[in-house]
> 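Dropping the structure in here first, questions after.
Keep in mind it's a predicted model, so treat the numbers as computed, not measured. A note on names: the letters A, B, ... follow the listed sequences, proteins ahead of strands, and every chain is numbered from 1.
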Number of protein chains: 2
Amino acid sequence: MSLKKLAEHLGLSPATVSLVINRSSVADSIPQDTKDRIFAAARKFKYRPNFLARSLRTQRSFTIGVIVPEVSDGYSASVMSGVEDYLLQEGYFYFVASHRHRADLIDEYPRMFLERSVDGLIAVDTPWHLNLSVPVVTVSGHNDVKGVTNIVLNHHRAAEVALKHLFHLGHRQIAFMKGQEFSSDTEARWANIARVAQHLGLTIHPRLVAQLEGDSPSPQLGYMATKVLLASREPFTALFAFNDISAMGAIRALRESGRHVPDDVSVVGFDDIQSAAFQNPSLTTVRQPLREMGRAAAEILLKRINRPGSELQEKHVVEPELVIRETTCPAPDGKRVPGKQRP
Amino acid sequence: MSLKKLAEHLGLSPATVSLVINRSSVADSIPQDTKDRIFAAARKFKYRPNFLARSLRTQRSFTIGVIVPEVSDGYSASVMSGVEDYLLQEGYFYFVASHRHRADLIDEYPRMFLERSVDGLIAVDTPWHLNLSVPVVTVSGHNDVKGVTNIVLNHHRAAEVALKHLFHLGHRQIAFMKGQEFSSDTEARWANIARVAQHLGLTIHPRLVAQLEGDSPSPQLGYMATKVLLASREPFTALFAFNDISAMGAIRALRESGRHVPDDVSVVGFDDIQSAAFQNPSLTTVRQPLREMGRAAAEILLKRINRPGSELQEKHVVEPELVIRETTCPAPDGKRVPGKQRP
DNA sequence: GTACTCAACTAAATCGCGTTAGTAAAGAGT
DNA sequence: ACTCTTTACTAACGCGATTTAGTTGAGTAC
């Protein structure tokens with residue numbers, strides 16, 4: 001059912017029908033009963049305007065593109081969930097594409113999105129350097145491209161709550177995991193850990209810093225990184241993992257080496273993915289409000305699309321939250337800071 | 001950059017440029033050097049045909065709609081990953097929408113997809129009854145709508161491998177979880193469990209069947225269902241959970257009640273999601289090839305879109321696989337079937 | 001009676017492309 | 001010299017809407 005046929009059936013011109021259906025102010029002078037007739041016919045024939053045609057004409061597709069490392073990864077999926085929540089509610093749809101860390105795809109997909117006339121783009125945990133003709137919002141990462149809004153965690157606070165927690169439990173020999181270089185969070189996270197450690201008077205032993213190796217996040221990466229840590233024979237009583245997934249692998253490696261979690265080694269994760277609470281022992285972790293970050297990304301993007309004039313918000317900072325569960329406890333050697341430990 | 005401008009710049013008509021770029025056979029008579037000029041100019045101006053216009057004209061959008069219960073749920077996300085894999089490779093893009101079990105959205109989203117001229121639809125774990133004007137493929141579930149292809153697990157085999165495993169380990173008092181009614185898998189799964197149990201001579205005690213209650217899959221649901229099971233005081237030595245997520249909750253509930261997994265109670269999950277392998281103890285589970293199911297869905301859908309004449313494949317069955325890990329062991333009461341136990 | 005206003009519409013252009021039917025010019029055949 | 005083919009294109013319509021700049025007829029003012 002097209003506008004033209006509907007108009008023909010009504011004995012009106014397509015123009016009139018279009019104006020009425022879109023509630024244009026030009027249609028103000030059209031009498032109510034004509035309008036009613038039009039609406040009635042539209043309902044009767046289940047008329048739905050063709051989005052392609054409308055988008056072609058108006059140059060607005062009400063579609064946005066989302067690029068993520070991998071849809072099935074819990075991090076991306078949680079962010080997407082928030083993005084979707086807001087977009088659908090506002091009548092927008094979205095395309096998704098997973099680049100799987102392939103540089104060519106990271107370049108290509110945004111172009112393909114533009115080819116398909118998206119009104120804007122959201123990039124999740126993806127290094128960004130392009131300057132496109134549509135608004136772009138990135139989630140996570142330290143992107144300094146002019147003109148893109150960045151939704152980012154307060155990394156300083158995240159490092160602070162985690163390290164202070166461990167510090168107050170008496171931990172002094174703390175091992176760390178560094179994320180892969182391609183993750184846009186890696187750098188900011190690490191810089192802040194270093195800063196907070198210094199502030200607390202903690203020294204980070206270089207042999208207690210393990211590098212996560214591998215493309216797709218999997219417990220396996222944390223497992224292997226922890227094996228390296230253990231092989232160095234440098235003692236540690238706590239481990240701050242890069243994320244919950246790698247923490248799971250780490251716990252397994254620790255356990256295989258005969259260490260008990262948390263009695264021998266405390267472990268702190270990052271993200272607070274769903275299953276973190278149901279690990280055994282349940283995971284102490286720094287929660288990132290991923291859904292909220294996705295929602296914020298979508299909201300800010302639509303704002304920028306619909307008010308092109310307004311000044312650009314370069315950063316939107318969200319706050320982490322320490323979720324204390326069962327993988328952390330006082331350090332075994334008893335170097336407790338008097339009066340400061342928490343139960 | 002549009003066709004028209006490109007043509008103008010070349011001193012040719014848009015028709016010619018279009019024919020050449022689309023490698024139409026009508027362009028056979030056009031000399032190679034003209035073609036070269038056209039391609040060179042297209043590259044120079046980075047000409048990309050406008051998808052909206054092309055789709056409007058050809059009535060093919062190279063876009064498909066995917067409807068899932070919730071993108072951030074691992075099950076949907078894994079299937080989507082497979083779907084995406086195939087679609088992008090074939091030059092298709094896709095919309096996603098999560099219905100979150102709201103009946104109105106399950107109705108509305110497919111309509112909105114059609115409004116946006118998708119060439120086909122994939123529904124993941126979603127009850128289906130509509131008969132649409134485009135090809136539809138559903139993943140999982142027992143949909144008997146004429147004209148839709150259904151990608152489905154061999155549920156009989158799934159029940160068989162799980163129950164035989166437990167049976168051969170000596171388990172006779174086995175507890176079960178039934179999925180929520182809205183999950184399209186629930187019925188087929190349960191029917192087959194009953195069938196296999198009967199075949200093995202196992203009786204299913206009605207008080208050892210717990211119902212999962214709640215919309216979004218979460219360990220919490222399994223936790224609560226297991227609490228109910230325990231409250232019945234009916235003894236059991238094994239538990240077949242509805243999925244891995246609920247198995248995680250179940251293990252916690254069992255542990256809280258003082259039971260040890262697997263020594264007191266063996267647990268079998270379903271799906272084999274990523275974190276199943278990294279639970280402690282790691283989860284024995286019936287693996288569903290979710291990615292492959294997604295890929296198959298996409299592949300079959302595109303086949304149906306591109307060969308509208310070909311006869312309809314109503315079902316595509318995929319095989320489950322038992323992954324034996326650490327949550328199952330011989331039954332404590334020693335009712336082993338001689339010569340049949342596996343280590 | 002003329003000019004002006006207003007209500008109720010509509011014609012026509014446009015968005016960017018695909019496609020069919022056709023045309024003009026050159027060459028080939030007789 | 002005439003017809004026929006072939007080559008190398010192009011005009012024009014349509015896809016399904018939106019939107020601007022009118023048009024028409026009735027009513028009102030003077």
> Extract all donor-acceptor atom pairs below 3.5 Å that involve side chains of residues 28-35 of chain B and protein atoms in other chains or at least two apart in sequence.
unit_1, atom_1, unit_2, atom_2, d
Q32(B), NE2, D36(B), OD1, 3.1

> Whole angstroms only, please: what is the CE-C1' distance between M1(B) and dC17(C)?
14 Å
> Let me know the distance between CD of E115(A) and P of dC17(C), rounded to the nearest Å.
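The answer, rounded to whole Å, is 10 Å.
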> Starting at atom CG of N22(A), determine the distance to atom C1' of dG16(D), rounded to an integer number of angstrom.
12 Å
> Quick check on dT18(D): is either OP1 or OP2 less than 4.0 Å from any side-chain nitrogen or oxygen of S18(A)?
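Checking S18(A) against dT18(D): at least one side-chain N or O falls below 4.0 Å of OP1 or OP2.
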> At 4.0 Å (heavy atoms only), tell me whether S2(B) reaches a base, stays on the sugar-phosphate, or touches nothing.
sugar-phosphate
> Consider the side chain of I30(B), meaning its heavy atoms from C-beta on, and name the nucleotide among dC9(D), dT19(D), dT10(C) that approaches it most closely.
dC9(D)
> Residues of residues 46-58 of chain B with any non-hydrogen atom less than 4.0 angstrom from an atom of DNA chain D: list those, numerically ordered, please.
L56(B), R57(B)
> Measuring to OP1 and OP2 of dG18(C), would you say a side-chain N or O of S24(B) lies under 4.0 angstrom away?
no
> If you look at every strand shown and take non-hydrogen atoms under 4.0 Å, does P14(B) touch a base, only sugar-phosphate, or nothing?
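Here P14(B) touches no strand at all.
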> Does one side chain, of S78(B) or R291(B), offer a donor that lies under 3.5 Å from an acceptor on the other?
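There is no such pair (donor and acceptor under 3.5 Å, judged by atom type) between the side chains of S78(B) and R291(B).
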> Could you work out which one of dA11(C), dC15(D), dG18(C) sits closest to the side chain of K4(A)?
dC15(D)
> How would you list, by chain and number, every residue that makes a side chain to side chain donor-acceptor pair (under 3.5 Å) with R48(B), sequence neighbours excluded?
E115(A)
> Just so I know, are the side chains of Y92(B) and D119(B) near enough to count as touching, which here means a heavy-atom distance under 4.5 Å?
yes
> For the residue pair H316(B) and T149(B), confirm or rule out a side-chain donor-acceptor distance under 3.5 Å.
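No, T149(B) and H316(B) have no side-chain donor paired with an acceptor closer than 3.5 Å.
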> How many whole angstroms separate atom CG of L19(B) from atom P of dT20(C)?
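Spelled out: CG on L19(B) to P on dT20(C) is 10 Å.
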> For D28(A) and dC6(C), what is the distance between atoms CG and C1' respectively, to the nearest whole Å?
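Going from D28(A) (CG) to dC6(C) (C1'), I get 13 Å.
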> Roughly, in whole Å, what's the span from CG in D33(B) to C1' in dC9(D)?
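Distance, rounded to whole Å: 14 Å.
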> Could you check how far CD1 of I21(A) sits from P of dT18(D), rounded to whole Å?
8 Å
> Between H9(B) and F45(B), what is the ring plane arrangement, given parallel below 30°, perpendicular above 60°, and tilted in between?
perpendicular
> Q59(A) has a side chain; which of dT10(C), dA12(D), dG16(C) sits nearest to it?
dG16(C)
> Search all heavy atoms of Q313(A) against all heavy atoms of K315(A) and return the closest pair with its distance.
NE2-O, 3.2 Å
> S29(A) side chain N/O closer than 4.0 Å to the phosphate oxygens (OP1, OP2) of dA8(C)?
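No, because none of the side-chain N or O atoms of S29(A) sits under 4.0 Å from OP1 or OP2 of dA8(C).
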> Just how far, in rounded Å, is P of dT19(C) from CZ of R23(B)?
15 Å
> Look at all strands and tell whether L3(A) reaches a base, only sugar-phosphate, or nothing, counting heavy atoms closer than 4.0 Å.
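If one applies the 4.0 Å heavy-atom cut-off, L3(A) turns out to touch a base.
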> Do the non-hydrogen side-chain atoms of I122(B) and L301(B) ever get within less than 4.5 Å of each other?
yes
> Of the nucleotides dA8(C), dG18(C), dT10(D), which has the atom closest to the L12(B) side chain?
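Given the options dA8(C), dG18(C), dT10(D), the side chain of L12(B) is closest to dT10(D).
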